[in-house]
**Q** 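What follows is a single structure, and I will ask about it in a moment.
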Amino acid sequence: MSEVSKEYDFNCVEEKWVESWDPSVYHFDWQSDKPQYIIDTPPPYPTGNFHIGNALNWCYIDYVARYKRMRGYNVMFPQGWDCHGLPTEVKVEELNHITKNQVPREEFRRLCEKLTEEAIERFHQSMGRLGLSIDWSNEYVTMRPEYYVKTQTSFVRMHEMGLIYREDHPVNWCPRCGTAIAFAEVEYDSRTTTLNYMRFVSAEGEMQIATSRPELLPACVAVAVHPDDQRYQKFIGKKVRVPLFDYEVPVLADPVVDTAFGTGIVMICTFGDKQDVRWWMEHHLPLRQAIDREGRLTAVAGPYAGCSVGEAKERIIRDMQKEEIIFKQEPLEQNVGLCWRCKTAIEILSERQWFVRINPEEIKRTAEEIEWVPPHMQVRLKNWADSVEWDWCISRQRIFATPIPVWYCRSCGEVLVAKEEWLPLDPNQTRPPTKCKCGSDDFIPEKDVLDTWMDSSISALAVAGWPDRKDLRMPTQLRPQGHDIIRTWAFYTILRTKSLEGVKPWDTILINGMALGEDGHKMSKSLNNFIRPEEVFATNGADALRQWGAMGGSPGNDIMFQWKEITAASRFQQKLWSIFRFSLPLIANVEANPGQVDRWLLGELDRLVIRATKAMEAFQFDETMKAIRGFAWETLADNYIELVKARLYGPDSPEKRAAQSTLYRAIETVARLMSPFTPFISEEIFHTLTGESVHVQSWPEPGGAEVDPAGLAIKEIAAAIRRYKAEKGMALNAPLPGIVVYSELGLETFDLSGVANSTVESRAGKPDIEMKPVAVRPQIKIIGPRFKDKSGRIIKALGSMDPAWAAEQKASGSIRVDVDGVSIDLPAEAVEIEMETLSAGLAVDVLRLEGASVLVRR
RNA sequence: GGGCCCGUGGUCUAGCUGGUUAUGACAUCGCCCUUACACGGCGGGGAUCACGCGUUCGAAUCGCGUCGGGCCCA
């Protein structure tokens, strides 16, 4: 390329490289004996579009992947798609104006698959444009049989190990979605409800009970008081009658009851909340299920059967008020559990479901074997593990998910779990190839499907070759993910990997923060703070967005999207481009003997490499980029290039060749250092320079160069001369009458005379200078307040005083002036003496620096 | 109610295994179109590192407390 445009055309350059890069460069080599670096990348949920949060997440991954490749690792940067789940089902229902039960299961599933394929294609586009070095030979799609055979295999194996079982158990239930959900899928929000005070009657007298959920009265199975509560001792162990529904329940004593809440008597229902479940299990209470799967009251509710929860609540309150069972109501702030997908209030129902056994201690121990970046994120996982009360409910009453490979014998009820060799299969499509133990071959297929976390929680195993490869590459090296899914994806992955293979899933987990909008809030379309990556690609390019990802802050912190960061990134790219444009016709990759200034630069370059490497090893991308920017902009452009311009423009000489080769080294090294962050501009520069791709180069190694102190001094002197000229209001290229540099370092003068546009003499030893007072400057602030009306005459007298005499007197502590024949003594601080520096009788200015003094002739 | 994180110039942010003139970006002020770059150069101003107490010769950095913000959970 002979023509280098003045402005960096990011669009043209980036699109060119997107088109022409060879994707096979990024493929993991299963045969290689290089050390492996497998990244267990997040499989995104392919719905909607690739957003800034995804971009941030993938930028982190790509920085690491590219860096590790340059460090000689056999890197796997796979790409998965976590397809299954409710949002896609809901979207399909919306788009086709149907509900899932109006079309056959298979048809519905096909519609979901089609929608997902379209979303994946959109993601492909955005990811390609972002310049990600994804290994597309290791792509996986959880909805395809090639993947869900693994999910089903893991189900079968864990079932054989006794880690998966089916049981009647209370579960979190979303009445809108019509499915059980796991605790990890429940979120909480505060709502204002009413606390109702009700009268219960027993043989010992009236009991007053407060509840926020009177509609659960027909589900009441006991009431409880604190064992030490003196008010209620007489009731303990006795029976009390449930009003309106008229049946008896026992009165229990339990220390968990809060005596200060309501009346201090609590009604235990099956089930109002998690605490009810605990009491129900502890006290072996019976089950009265008053709410069904659609959120309607059941037969136990008598006349209220069939009502929705809301209706029932209203009617029951009205009826109890009529009978004066409710005697008081007050507002109550309360946190309610919501389905995280649709925000509907969840109910707790007892259901026969499939569960995965959770061993919190084992998960915590495994988490300790993993390096957490930043470390405190491990605490989040541990806290979650400690708060888990029930096993993981993995069955869902939905369609678009991995089928549970199980049948039930119609005649004897035996559960038949598929054999591994039958997989993959959908029990609704396939009959088992064997008969039941009882001889029957009439089976009912399992209609329930698996929680999607069952798919994604084996991602580490799947990318490492599980279950087919004999050389299973476990553990993998890195799990990058957001902190929002520590309790789900990280937790379940540790659980499943440890259960299935007995190992930790990864050596290191790198947690990134969330991308926030410019107003500091979570990006959302309703807040109007939503930015799409494509907008940034169009205005500033992918490299700029990638720099934002690196510069935003240290990993783990949420980072704000900021246009000013994008702009700053673009400016840096333009700066780099200008450096390159200037250098290209002047530099050469030649053997040369570097001078002092060259050795200074090469020393700084080494320091940069060391610093960048250290930061990359610690995943401190901001630190790395900051170091690179600082070097390129200040050290290289503002100082080195300015210093060696004269040499570069001059005729061929050993000094010129030294500058040519040093500048070449610097640019080529910077391009390599930046290539994990800004793959496009780095490639454009490196490829133009060398004809090779920067993305198959190795990471720079320090060459053992020390910062040359003479070169450093020259750089400092040049800066001092620039400052001097600026202070004097001179143009920076204005010639000076002469410069003499005194230093013990034996400074070379050619770069200094070039940069100062003046003759420069270099001498050893100390400058021979003398100070000569040249003027007296009266200090009016001192004189005025003290001498009032005499001040004017004093100042006049000082003006005519010999500067040398004034200086002598000032040194002695006071200055005597003669005003109208009267002698007045002034304090020393009343005057300042202006001095001139002379050297060999000529007036000079002296610039003092560490290791050198510079005399500038005036 | 519990856990975790955060509170640094106007804004965002680094540093936080204790000792630096406290990092960088954007913004701001002055000068400069010096043949790579005005998306530039040179120079400047601007932070009692939320507050209080403590540990220490020394704290933005450690401890306790207060206030404020965020996230997760009960």
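Below, chains carry the letters A, B, ... as their sequence lines are ordered, and counting in each starts from 1.
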**Q** If you define the side chain from C-beta out and look only at heavy atoms, does anything of A:F686 sit under 4.5 Å from A:I667?
**A** no

**Q** Under 3.5 Å for both donor-acceptor distances, Watson-Crick or wobble: does B:rU17 have a partner, and if so which one?
**A** none

**Q** Which whole-number value in Å describes the distance from A:W563 CH2 to B:rC26 P?
**A** 16 Å

**Q** In terms of side-chain heavy atoms of A:S578, which of B:rG41, B:rC39, B:rC37 is nearest?
**A**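 Between B:rG41, B:rC39, B:rC37, the one nearest the side chain of A:S578 would be B:rC37.
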
**Q** Base, sugar-phosphate, or nothing: which does A:A719 touch, judged by heavy atoms less than 4.0 Å apart?
**A**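 Since no nucleic acid heavy atom lies under 4.0 Å of A:A719, the category is nothing.
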
**Q** What distance separates A:Q573 CD from A:T678 OG1, expressed to the nearest 0.5 Å?
**A** 6.5 Å

**Q** Please give the distance between the C1' atoms of B:rG40 and B:rC33 as a whole number of Å.
**A**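 To the nearest whole Å, 9 Å.
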
**Q** Can you check the distance between B:rG2 and B:rU8, where both ends of the measurement are the P atom (answer in whole Å)?
**A** 25 Å

**Q** So, are A:R278 and A:E282 salt-bridged, with charged N and O less than 4.0 Å apart?
**A**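 So A:R278 does not pair with A:E282 through a salt bridge.
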
**Q** CZ of A:R607: more than 12 outside heavy atoms within 6.0 angstrom?
**A**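 No, the 6.0 Å shell around CZ holds no more than 12 heavy atoms from other groups.
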
**Q** Counting only Watson-Crick or G-U wobble pairs whose two distances fall under 3.5 Å, which nucleotide matches B:rC4?
**A** B:rG70

**Q** By the 4.0 Å heavy-atom rule, please label A:K725 as base, sugar-phosphate, or nothing.
**A** nothing

**Q** Taking the C1' atom in each of B:rC49 and B:rC12, what is the distance between them to the nearest angstrom?
**A**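 To the nearest whole Å, 15 Å.
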
**Q** Which listed nucleotide (B:rC26, B:rG15, B:rG41) is nearest to the side chain of A:D638?
**A**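 So the side chain of A:D638 is nearest to B:rG41.
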
**Q** Is A:S554 close enough to B:rA14 that one of its side-chain N or O atoms is under 4.0 Å from OP1 or OP2 there?
**A** yes

**Q** Which part of the nucleic acid, if any, lies within contact of A:Q574, taking any heavy atom under 4.0 Å across all strands shown: a base, the sugar-phosphate backbone alone, or nothing?
**A** base

**Q** Should the pair A:R647-A:D598 be classified as a salt bridge under the 4.0 Å nitrogen-to-oxygen rule?
**A** yes

**Q** Rounded to the nearest angstrom, tell me the gap between atom CZ in A:R629 and atom P in B:rU13.
**A**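 To the nearest whole Å, that distance equals 16 Å.
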
**Q** Nearest to the side chain of A:K6, which nucleotide is it out of B:rA14, B:rG40, B:rA38?
**A**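 My answer, after comparing the listed nucleotides, is B:rA38.
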
**Q** With P as the reference atom in both, quote the distance from B:rC5 to B:rG44 in angstrom, rounded to an integer.
**A** 40 Å

**Q** Considering only atom C1', compute the distance from B:rG69 to B:rC62 and round it to an integer number of Å.
**A** 23 Å

**Q** Can you find a side chain N or O atom of A:R723 that sits less than 4.0 Å from OP1 or OP2 on B:rC42?
**A** no

**Q** Tell me what A:Q573 touches on the nucleic acid: a base, only sugar-phosphate, or nothing, going by heavy atoms under 4.0 Å.
**A** nothing

**Q** Within this structure, what is the CG-to-P distance between A:L56 and B:rU13, rounded to whole angstrom?
**A**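 Answer to the nearest Å: 14 Å.
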
**Q** Tell me the interatomic distance from A:E634, atom CD, to B:rG24, atom C1', rounded to whole angstroms.
**A**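 Spelled out: CD on A:E634 to C1' on B:rG24 is 9 Å.
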
**Q** Compare side-chain N and O positions of A:R571 against OP1 and OP2 of B:rA25 and report whether any pair is under 4.0 Å apart.
**A**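 So the side-chain polar atoms of A:R571 never come under 4.0 Å of the phosphate oxygens OP1 or OP2 of B:rA25.
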
**Q** Hey, could you give me the CG/CG distance between A:L663 and A:L584, rounded to the nearest 0.5 Å?
**A**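 It is 10.5 Å, given to the nearest 0.5 Å.
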
**Q** I need the CG-C1' distance between A:D386 and B:rC72, as an integer number of Å.
**A** 14 Å

**Q** Whole-Å distance between B:rC4 C1' and A:W372 CH2?
**A**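 Taking CH2 of A:W372 and C1' of B:rC4, I get 13 Å after rounding.
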
**Q** Please report, rounded to the nearest Å, how far the P atom of B:rC72 is from the CD1 atom of A:I485.
**A**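 The distance from CD1 of A:I485 to P of B:rC72 comes to 13 Å, rounded to the nearest Å.
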
**Q** Work out how far the P atom of B:rG41 is from that of B:rC4, and round it to whole angstrom.
**A** 46 Å

**Q** Measure the shortest side-chain to side-chain distance between A:W173 and A:I346 over non-hydrogen atoms and say whether it is less than 4.5 angstrom.
**A**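 In short, these two side chains do not touch, never coming nearer than 4.5 Å.
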
**Q** Is any N or O donor-acceptor pair between the side chain of A:E7 and the base of B:rC39 shorter than 3.5 Å?
**A** yes

**Q** Searching all strands shown, indicate the nucleotide that pairs with B:rG43 (Watson-Crick or G-U wobble; both distances under 3.5 Å).
**A**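 Partner of B:rG43: B:rC29.
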
**Q** B:rG41, OP1 or OP2 - any side-chain N/O from A:W633 closer than 4.0 Å?
**A** yes

**Q** Expressed in angstrom and rounded to an integer, what is the separation of A:E623 atom CD from B:rA22 atom P?
**A**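 Taking atom P of B:rA22 as the reference, CD of A:E623 is at 17 Å.
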
**Q** Mapping A:H376 and A:M560 onto RNA chain B by nearest heavy atom, which one lands closer to the 5' end?
**A** A:H376

**Q** Nearest to the side chain of A:A568, which nucleotide is it out of B:rC4, B:rC42, B:rC26?
**A** B:rC26

**Q** To the side chain of A:R581, which of B:rC37, B:rG3, B:rA14 is closest?
**A** B:rC37

**Q** Provide the distance between the two C1' atoms, one in B:rA38 and one in B:rC31, to the nearest whole Å.
**A** 14 Å

**Q** Watson-Crick or G-U wobble partner for B:rC49, using a 3.5 Å limit on both distances?
**A** none

**Q** For A:S682 and A:R672, run side-chain hydrogen bond (donor to acceptor under 3.5 Å, both in side chains): C-alpha distance rounded to whole Å, both residues' side-chain angles, the deciding distance at 0.1 Å, then the answer.
**A** CA-CA 7 Å; A:S682 304; A:R672 279 194 284 159; over 6 Å; no

**Q** C1' atom, B:rC26 versus B:rA14: distance in rounded Å?
**A** 15 Å

**Q** Hey, is the side chain of A:N540 poking within less than 4.0 Å of OP1 or OP2 on B:rC39, counting only N and O atoms?
**A**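 False: A:N540 side-chain N/O out of range (4.0 Å or more) of B:rC39 OP1/OP2.
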
**Q** Respond yes when some side-chain nitrogen or oxygen of A:K575 is under 4.0 Å from OP1 or OP2 of B:rG41, and no when none is.
**A** yes

**Q** Nearest-nucleotide wise, let me know which of A:M377 and A:D484 is further upstream toward the 5' end of RNA chain B.
**A** A:M377

